[in-house]
Structures are given as C-alpha cells and as structure tokens.
Protein chains: 2
Amino acid sequence: MAERSLSKPNDEPCYCGLTRRASRSLTEIYERELAPYGITQPQFSLLRAASNSAPMGITELALQLNLDRTTLGRNLKLLEAQGLVVFVANQHDQRERLVTLTRSGAKVSKEALAAWQAAQALIRRNIGRQKLVALEQLVAEIDALVS
Amino acid sequence: MAERSLSKPNDEPCYCGLTRRASRSLTEIYERELAPYGITQPQFSLLRAASNSAPMGITELALQLNLDRTTLGRNLKLLEAQGLVVFVANQHDQRERLVTLTRSGAKVSKEALAAWQAAQALIRRNIGRQKLVALEQLVAEIDALVS
DNA sequence: CCATGATGCGGGTATCTACACGTAAATGCC
DNA sequence: GGCATTTACGTGTAGATACCCGCATCATGG
C-alpha cells in the first residue's frame, strides 16, 4: 500500500502553479488583442472596473478586485500618466482619492472592448461555456479562502 | 431579443481577469506556508521542476514550464544567489548552462515539500478533488491555445 | 477640546513576468 | 573550409504584484 507513494512520490500537480501558468497563457492571448490600444490586460480590467461603478477610493476598489492596495495604487498611477484616469478629491474626506475615468479613458475602454470581446470569444470557442462557468465558480470558492 | 444585451451589456466575466485573480489568491495561500523556508511559490516550483528531471538548459526548462526564457533566467539567478542552484557547463555545447540543484537546494526543496503539501491539502479539502481534476484539464486546454 | 486609535494613502524594496535587442556558439549548406 | 542561419543566453526596460513602514486625516472617548 505504500508502493504507490514510493513509486510516484510527487506527481500531484501544484494547483497554484497550474493557475499561475494558466494566467500567463491567458494574459498572452488577451494582450495580443489589446496591444493595438496600448494597454495591458490588467490595465483594461482596471478601466472596466472603474467605468462600471461610481468613483471609488483606492482601498475600496482594491478590496473589490482582491488586489493589494499599493499594487492598485501603482497600476492606477500608470493609467494616470497615460491620461486615462484622474484622482478626484473626496470633499468629505481629504484622505481619499476617488478614481475617475477621463474622457480619453472612457474612449480607450470603449474601443478596446471589441479586442477584449474577441479574446473572450476565442476562449469560449475553444474551451466551451460549461467549463468557463465552472471556472467562474471555482475562482469564487478560491477567493473565499483568503477573504 | 436585443433586450438582454441592452440591459446587461458587459457583465460577462473576464476569463483572464478571473484566472489572474485566482493565481493571486492561491499564491497568497501557498506562500503563507512556504514563508518559513524563505522561498516563494514560483521558486518552490522551480526547485521542484529542477529536482524532478535530469539537468536541463534554461530554454528547455522554460519551454516545459511555459515560462518566458528570460524570466526563468532571472528567477534562477535569484536561486543561484541563495545557493540553491548552480549552472553547470554542457561539455558538448558551450552556449548551454545546465540547471542543477545544490545540496542545499535539494534540502530546502525537500523540507519545503511539507509546507507545499499542507497548502495542497487545504485546497483539496476546500475545493474537492473533482473540481481540481477539471482545473488541471482546463489549464492543459488553455496552454494548448498558445503553444 | 484633545489624545488615541482607526483609516486612506504613498514610498521603499523585492520578486515575477515579458518583450526587444544584442552576442556567442553550433549547425548546415555550398 | 567558409559563411548564413539557427540556437542559447544575457541585458535593458517596463509593468504587475505584495510587504513593510511612515504620514496625514478622520472618528471617538474622556
């Protein structure tokens, strides 16, 4: 009964390594499409998140994206340098800076949407909706483990 | 029939964003366990890969891990600085440097294995084997799209 | 009103990742 | 054998990510 563990000690796949690997592959696919718009996949995700809700503080947005606050801050700074987002002061709290899309940011986000949809369609076509729904649920369960 | 797309234009989840998010969460979980051994999850993956096969060149190992060659080179350099791996010249090809675990590298890899297994068990316990097998297959299909 | 703690944020540092470019060695073709 | 091509690798640059530490502002108890 110990034979199995003796002959194949560590062939169990690392779930973390698998997922990191998948994220690298998917990022490559998505960024091939997004390249013409001069933004990366994480940047597109940020623009999308910012455009789909009322202006939010960095900490709040980071919580929603399950991203480190300082990471998000630095990523947003790059978008600010490109003129795609601006930080608006919160009148009721001097500490908070509300992330807001500029007109240019909204434009890029809107245009790049087609590229993103192309990548989404490619994945759906090759993987299938059913597995992708399962992926969505799986990620939710994984996220729940760290919250 | 256009109503659905009008009322919910873009609520489709980004498969790339989902996967990147999952990789962040999982990395956090694994690195909590690995921290006492002074290595990160990617570093542990590298040690594991290097110890599970004959010495390999950087390009070959990068191909196997689906990692950019230069990325792998830099990651290995950090392990070299920690004395966990060394580069051995290939007698038949002066260009190639064969990645080899040091005694210390093998020791750390072996000791950290328990930490990794704890993380693996945590995930298995909370997610379930069936979904993890599905994940494994899904990642293989995604990888196939970029090869 | 003021001291204390909580909150929002930035900077320093470090690792992971990839692309563009350049160099040296091996290979192959004539 | 000699030269073009391919192969293996490094460096420069840049973005994504997270931890630690410090600062300014807000909220609260006395």
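Within every chain, numbering begins at 1; the chains are lettered A, B, ... in the order of the sequence lines, protein sequences first and strands thereafter.
Taking the 5' to 3' direction, DNA chain D first and last meets chain A under 4.0 angstrom from a heavy atom at dG15(D) to dC26(D).
If you check every strand for non-hydrogen atoms under 4.0 Å, E31(B) touches nothing.
For the pair C14(A)/R20(A), no side-chain contact is recorded, criterion being any heavy-atom separation below 4.5 Å from C-beta on. You'll find the side chain of V108(B) stays beyond 4.5 Å of the side chain of F44(B), heavy atoms only.
Salt bridge status for K107(B) with E111(B): present, with a side-chain N to carboxylate O gap under 4.0 Å.
Following rounding to the nearest Å, K77(A) (NZ) and dG12(C) (C1') show an atom-to-atom distance of 11 Å. Note: CG (L72(A)) to C1' (dG8(C)) measures 13 Å, nearest angstrom. Between I58(A) atom CD1 and dG11(C) atom P there is a gap of 10 Å when expressed in whole angstrom units. Atom C1' of nucleotide dG8(C) and atom CG of N90(A) are separated by 11 Å, given to the nearest angstrom.
A donor-acceptor pair under 3.5 Å is absent between the side-chain atoms of T71(B) and the main chain of L67(B), judged by distance alone.
Residue Q41(B) places no side-chain N or O under 4.0 Å from the OP1 or OP2 atom of dC16(C).
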Requested in this report: Could you give me the CA-CA distance, side-chain angles and deciding distance for R48(B) and S109(B), then say whether side-chain hydrogen bond (donor to acceptor under 3.5 Å, both in side chains) is met?
Outcome: CA-CA 7 Å; R48(B) 213 165 103 90; S109(B) 173; over 6 Å; no
Query - Evaluation steps, side-chain hydrogen bond (donor to acceptor under 3.5 Å, both in side chains), between Y30(A) and Q120(A) - result: CA-CA 8 Å; Y30(A) 279 68; Q120(A) 291 278 109; 2.4 Å; yes
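Of the residues listed (V85(A), L65(A), I39(A), L61(A)), the one engaging L46(A) in a side-chain contact (heavy atoms from CB on, under 4.5 Å) is L65(A), and it is the only one.
A50(A) and L101(A) make their closest contact through CB-CD1, 3.2 Å (heavy atoms, listed as atom of the first residue, atom of the second, distance).
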Requested in this report: For each nucleotide in nucleotides 17-29 of chain C, reading 5' to 3', give B when a protein heavy atom comes within less than 4.0 Å of its base, S when such contact involves only the sugar-phosphate, and - otherwise.
Outcome: BBBB----BS---
